[in-house]
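One structure below.
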Number of protein chains: 2
Amino acid sequence: MARDTVTLRDVADAAGVSIATASRALTGKNRVSKATTAHVSRVAERLGYRVNVFGRALREGTDGAVGVIVPVISNPFYGQLVHSLEEQLREHSLELIIADSHGDVARERERLRMLVQRRVEGIVIVPSDASASLDAVAEAADDVPLVQLDRRVEEAPTDFVGVDNERGIALLVNHLGERGATEIVLVASDDTTSAGRERRAAFDREIARRGLPVLEPILDRFTLEFGLSAAGTIARSRPLPDAIVAGDDLIATGLITGLKRHGVVVPRDVMVTGFDGTMLADICDPALTTVVQPFDQIAAEAVRALLRRTKQRDAPAIYSRLAPALRESMSTARPLAPPDTPAPAGDDAQAS
Amino acid sequence: MARDTVTLRDVADAAGVSIATASRALTGKNRVSKATTAHVSRVAERLGYRVNVFGRALREGTDGAVGVIVPVISNPFYGQLVHSLEEQLREHSLELIIADSHGDVARERERLRMLVQRRVEGIVIVPSDASASLDAVAEAADDVPLVQLDRRVEEAPTDFVGVDNERGIALLVNHLGERGATEIVLVASDDTTSAGRERRAAFDREIARRGLPVLEPILDRFTLEFGLSAAGTIARSRPLPDAIVAGDDLIATGLITGLKRHGVVVPRDVMVTGFDGTMLADICDPALTTVVQPFDQIAAEAVRALLRRTKQRDAPAIYSRLAPALRESMSTARPLAPPDTPAPAGDDAQAS
DNA sequence: CTGTTAGCGCCTTCAA
DNA sequence: TTGAAGGCGCTAACAG
């Protein structure tokens, strides 16, 4: 059973100094003689002393915990994000309290309040709704440093770190263009998420810029199921487009699986691209051409923003967009050639 | 700017009662008149009072947090497990502090110590190594309620909740038998995890029981990469077996992808099964026949065990095995018939 | 450089 | 049923 706890008092007594000196020696913040510091440290070590987090927290006003709220932790994309965050936070000796919002605004509000009440050092959140999340997010941000991750509520004046959706979509459309595609359809998230909005806007812009035909997008949610059903819609409405740009890897994976069931062969009949670069891209068949999010960089940047705001509550809001990288794979490996430069099949090199 | 905090003192003053009465009224544990309780509650409400978690924790010795340690949160299997745990814990108003061990024993020890130091209510851990994790796990279990989940260190006398591996493997081998397989190869985890050990033992037993030929297993780790490389090994060493039982969905997915690259067609040339029932099973092509773990049940049982031990530190250790369910899919949809009963192709019904 | 002292906010024993 | 008071463990003035 739990060995009895040794307190600072015990250390002080054993070391023959006052409790204040012991505290100072151990935290190292204030001036204490080298000798006593060493002595106290040794005694503490010997006694197996560990600070009582609650005592310190009560005094300091916060313990070293950061709250992270994502829609669903079981989604591999958020899994990777949380994984990277955990890594970054650990390097700063911060613990990670995790909470699922289930994509539900009420639940999200409840979790935010909980984190604020626990007086976490800060909150990292992937807001579930681009507008409906506003109140709860703003309220929380008022009480504790908060950074929005990946998605954002535009109206909430908080720090934000995420991928450069515009660049990602441009990379994909450009890639498809090189592969000879002209009729490209978007199957993505509706406007409930900022990522959905931004990717759609970027897509429209890119299509317009290239003077490609404008096809009706199919929009719903970032789910496998949606991808599956969208595949049916597309398969039934022949003629097929040259390519489909999916809102994320999950949708793309659903599309590929669904198209297969309808006898449509990817990439021969239609090319498909994803977004995120999760493990799903490697698993589905054909493997998915996608843009890979720089998970570690994003997490590092988010933590940096959080710590910065901890020190300076009223610093101007950070708005950081990190560039994704194109990863070409089989789902777009079609030997179609652009008007001028014929590209050999299976060539990994990127034509310009 | 954080609105200034209202404390119990404020509530008491505003309500015209002592701080003790206010406390009693709000926690509801002790006897207070109905009237004052209502009154104090109303005042607290009006003032927007929220207990200070640290004050209470300092007093009570613990805050309402539970630590969860998994090898890698980005692995969909652990993602689902954590998701279910979060759900269960929330229902008991417990927060979830998450930590990755990265499958590394030293890291695991460090995280365990951190959780103990934070005086969490309890710890749920998927130990990374069936034997090397012993010291750290036992040490932590000595200080705080701890339940092992999914995998376990046998020597550590703690509560355990996990899937019934024996039953799962039996379901799979039986299914393959019905499909006419006799030469079945195991591609799974080595003995560093209890899940690996148990599944292997169950497999050997099942093969022996049926008098099937004993083939050399290929063992390593629960990773996609291992599945990929094992596929190469198998593809090169013709003749092919009838079927492959993979240690989990990740390995199975790697196998399927790898076999495809080597021109081996699943299930025509060889059938493949998974284990866990993660989303990967639905995504890979052909979709994976696997046994589905009852995630929610497992999580619920784990939390129940934890709470039980919170109340009674010396209760006898719980050892709970929950039954998985077979989910048949395309990766074993081969119209092979057992000697006596011919089974039609694509039949979903389970022969007995 | 070091010791004394005063809380941080809360719960609970002890009295009334 | 209610109030007064102590103390959980820690850190940061404030003295010396």
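Numbered from 1 within each chain, the chains take letters A, B, ... in sequence-line order. Keep in mind it's a predicted model, so treat the numbers as computed, not measured. What's counted below: heavy atoms across the whole structure, side chains too, no hydrogens, waters or symmetry copies.
- Atom-to-atom, CG of A:L58 to P of D:dC8 comes out at 13 Å; the value is rounded to the nearest Å.
- Going from atom CZ of A:F54 over to atom P of D:dT11 covers 14 Å, rounded to whole Å.
- Contacts of B:L8 with the nucleic acid, taken as non-hydrogen atoms under 4.0 Å apart, involve only primed sugar atoms and P, OP1 or OP2.
- Tested against A:L306, the residues A:L146, A:V147, A:I318 include a single side-chain contact (heavy atoms from CB on, under 4.5 Å) partner, A:V147.
- In the set D:dC10, C:dC10, C:dT2, C:dC10 carries the atom at the smallest distance from any side-chain atom of B:N52.
- Between B:Y319 and B:F160, the distance separating the two ring centers is shorter than 6.0 angstrom.
- Summarising the local packing, CZ of A:R109 is surrounded by more than 12 heavy atoms from other residues, nucleotides or ligands at distances under 6.0 Å.
- For the pair A:Q117 CD and C:dG9 C1', the computed distance is 13 Å after rounding to whole Å.
- Contacts of residues 15-23 of chain A with DNA chain C (heavy atom under 4.0 Å): A:V17, A:S18, A:A20, A:T21.
- Protein atom NE2 of B:H39 is 11 Å distant from nucleotide atom P of D:dT2, rounded to whole Å.
- Under the 3.5 Å distance criterion, the side-chain polar atoms of B:N52 are matched with a main-chain donor or acceptor of B:F54.
- Counting only heavy atoms from C-beta on, A:R24 has its side chain closest to C:dT2 among C:dT2, D:dC10, C:dG9.
- Put simply, CG on A:L26 is 12 Å from C1' on D:dT11, counting in whole angstrom units.
- Between the CD atom in B:E86 and the NE2 atom in A:H102 there is a gap of 5.5 Å [rounded to 0.5 Å].
- Between the side chain of A:S84 and the backbone N or O of A:Q80, at least one donor-acceptor pair lies under 3.5 Å.
- Rounded to whole Å, the distance from CG on B:D63 to C1' on C:dC8 is 16 Å.
- Between A:R56 and D:dT11, a side-chain N or O to OP1/OP2 separation shorter than 4.0 Å is present.
- Across D:dC8, D:dT2, D:dC10, the shortest atom-to-atom separation from the side chain of B:V32 is found for D:dT2.
- Taking the ring-ring contact (aromatic ring centres under 6.0 Å, His included) definition, one finds that B:F77 meets it with B:F295, sequence neighbours left out.
- Per the geometry, CZ belonging to A:R59 stands 16 Å off P belonging to D:dC8, to the nearest Å.
- For the pair B:S33 and B:E60, nearest-nucleotide mapping onto DNA chain D gives the more 5' position to B:S33.
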